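All values below were derived from every heavy atom in this structure, side-chain atoms included, with hydrogens, water molecules and symmetry-related copies excluded. Please read all numbers here as calculations on a predicted model, not as lab measurements.
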Amino acid sequence: MCDGRQARVLPSTLCQGQGDAQVAEYTLRLLRCRIPPAVPDIMFFSSGQSEVEATQNLNAMNQGPNPWHVSFSYARALQNTCLKTWGGQPENIKAAQDALLLRAKANSLAQLGKYTSDGEAAGAKEGIIHREIDRPHHCKLMRHVLVPIVEPEILLDSDHGIDRTFEVAQKVWADTFFAMAENNVMFEGILLKPSMVTPGAEAKDRATPEQVAEYTLKLLHRRIPPAVPGIMFLSGGQSEVEVTQNLNAMNQGPNPSHTPRTTRSRG
């Protein structure tokens, strides 16, 4: 089973001083470079942050539209202050319930990007783990390799149908982006030049432009991280009229904000 919960990109206990805007910037950059929009939800661990820190960072990530629903794995992000307030004492139940309600409201607003720290209890600002550091520290920066053009071409010299092309393309594109991630390719700096999802050149059943658009956009949605800025399609053996009709079909509706710009490779 795949656990969809994630830890945010945080400075280690050796690197302090980053604000919620920086945490949001780096975390969203990582998500856009590695997580396809087909993933519906991202539920973050608190990762040792205080409740207020975690909520502030989540709020910062939701200041603009995201391709995914971004929220918490609701465990310590809700329970910490509540449990400390309760302390196992019956007389503290009402205060603990109030603390839980306050935390739930704060995180609900953070999912909408509308959270403010007004009314936060002092205990909610204390870290779940103690992070006092008194030794020198160093933060390492990742080096990226820029690859301008990437061509995961699928050969169409056969009589296979469009479903077979889609099946193979999913595997090829997944392997391509995995290899780029392993080699620290900066996805914001590439142009992708794939083939559209079409039947083989010798297939008896030809696909309509609407079918090509449906399969191709589905493939983009499942495999292409939102950080990729542009997709320039190869003709893939199609005629000029066919490729233009298919491209036109793909641009009939407004693409979601996370869908890269799609056009033709002018070759």
field: Option passing side chain to side chain contact (heavy atoms under 4.5 Å, CB included) with Leu220 (candidates Val228, Ile231, Val197)
entry: Ile231
query: Rounded to the nearest 0.5 Å, how far does CG of Leu58 lie from CD of Glu53?
result: 13.5 Å
- request: For residues Arg103 and Thr55, determine if any side-chain heavy atom of one lies less than 4.5 Å from a side-chain heavy atom of the other.
  value: yes
Partners meeting side-chain hydrogen bond (donor to acceptor under 3.5 Å, both in side chains) with Glu167 (sequence neighbours left out): Arg164
Minimal non-hydrogen separation, Thr165 against Gly200, with atom names: OG1-N, 4.5 Å
message: Tell me whether the NZ or CZ atom of Arg29 lies within the 45° cone about the ring axis of Phe187 and under 6.0 Å from its centre.
response: no
field: Side chains of Asn62 and Tyr115, donor plus acceptor under 3.5 Å
entry: no
task: Measure the shortest side-chain to side-chain distance between Cys33 and Glu188 over non-hydrogen atoms and say whether it is less than 4.5 angstrom.
output: yes
task: Look at atom CH2 of Trp68 and say whether more than 12 heavy atoms of other residues, nucleotides or ligands are closer to it than 6.0 Å.
output: yes
message: Nearest 0.5 angstrom please: Asn57 CG to Gln22 CD, how far?
response: 10.5 Å
Side-chain donor-acceptor pair present, His160, Glu202, cut-off under 3.5 Å: no
query: Is a side-chain N or O of Thr208 found less than 3.5 angstrom from the main chain of Gln211, in a donor-acceptor match?
result: yes
query: In terms of hydrophobic clusters joined by side-chain contacts under 4.5 Å, are Leu155 and Val172 together?
result: no
field: Donor-acceptor pair, side chain of Asn59 and main chain of Lys114, under 3.5 angstrom
entry: yes
query: Looking at side-chain heavy atoms only, is the closest gap between Pro37 and His221 below 4.5 Å?
result: yes
- prompt: Is there a path from Leu156 to Val243 through hydrophobic residues (I, L, V, M, F, W, Y) whose side chains come within less than 4.5 Å of each other?
  reply: no
query: Between Ser108 (side chain) and Ala104 (backbone), is there a donor-acceptor pair under 3.5 Å?
result: no
task: Nearest 0.5 Å please: distance from the CD1 atom of Ile42 over to the CE atom of Met61.
output: 9.0 Å
field: Nearest-0.5 Å distance that lies between atom CE in Met186 and atom CD1 in Ile190
entry: 10.0 Å
Trp86 versus Ala96, closest heavy-atom pair with distance: CB-CB, 3.6 Å
task: Spell out, yes or no, whether Val168 and Leu192 are grouped together once hydrophobic residues are joined by side-chain heavy atoms under 4.5 Å, including indirect joins.
output: yes
- line: Heavy-atom closest pair (Ala99 atom, Thr81 atom, distance to 0.1 Å) is CB-CG2, 4.2 Å
field: Value rounded to 0.5 Å, distance of CD1 in Ile93 from CD in Gln97
entry: 7.0 Å
message: Quick check with a 6.0 Å cut-off and a 45 degree axis cone: is Lys218 positioned over the face of Phe166's six-membered ring?
response: yes
message: I want to check something: taking the side chain as every heavy atom from C-beta on, are Gln238 and Thr198 in contact at a cut-off of under 4.5 Å?
response: yes
message: Please check this pair: side chain of Gln63 against backbone of Ala60, looking for a donor-acceptor N/O pair closer than 3.5 Å.
response: no
- request: Indicate yes or no: at least one non-hydrogen side-chain atom of Leu234 is less than 4.5 angstrom from one of Glu151.
  value: yes
- request: Could you tell me which residues satisfy salt bridge (Lys or Arg N to Asp or Glu O under 4.0 Å) with Arg206, sequence neighbours excluded, listed by chain and number?
  value: none
Reported CG-to-CE distance for the pair Leu219 and Met196, which is rounded to 0.5 angstrom: 12.5 Å
statement: Nearest heavy-atom contact between Pro90 and Gly88 is CD-O, 3.8 Å
query: Counting heavy atoms not belonging to Lys171, are there more than 12 under 6.0 Å from its NZ?
result: no
message: Restricting to salt bridge (Lys or Arg N to Asp or Glu O under 4.0 Å), what partner residues turn up for Glu210, sequence neighbours left out?
response: none
field: Side-chain ion pair, Lys94 and Asp98, N-O less than 4.0 Å
entry: yes
task: Looking only at non-hydrogen atoms, find the nearest pair between Asn246 and Ala213 and report the distance.
output: O-CB, 4.5 Å
- request: Evaluate the side-chain proximity of Leu191 to Val150: yes if any heavy-atom separation is below 4.5 Å, no if none is.
  value: no
- prompt: Heavy atoms, side chains only, cut-off 4.5 Å: are Pro194 and Phe233 in contact?
  reply: yes
message: Measuring only between side-chain heavy atoms, which start at C-beta, is Pro36 closer than 4.5 Å to Arg222?
response: no
- prompt: Taking all atoms of both residues into account, what is the closest heavy-atom pair of Phe177 and Arg223, and its distance?
  reply: CD1-O, 4.2 Å
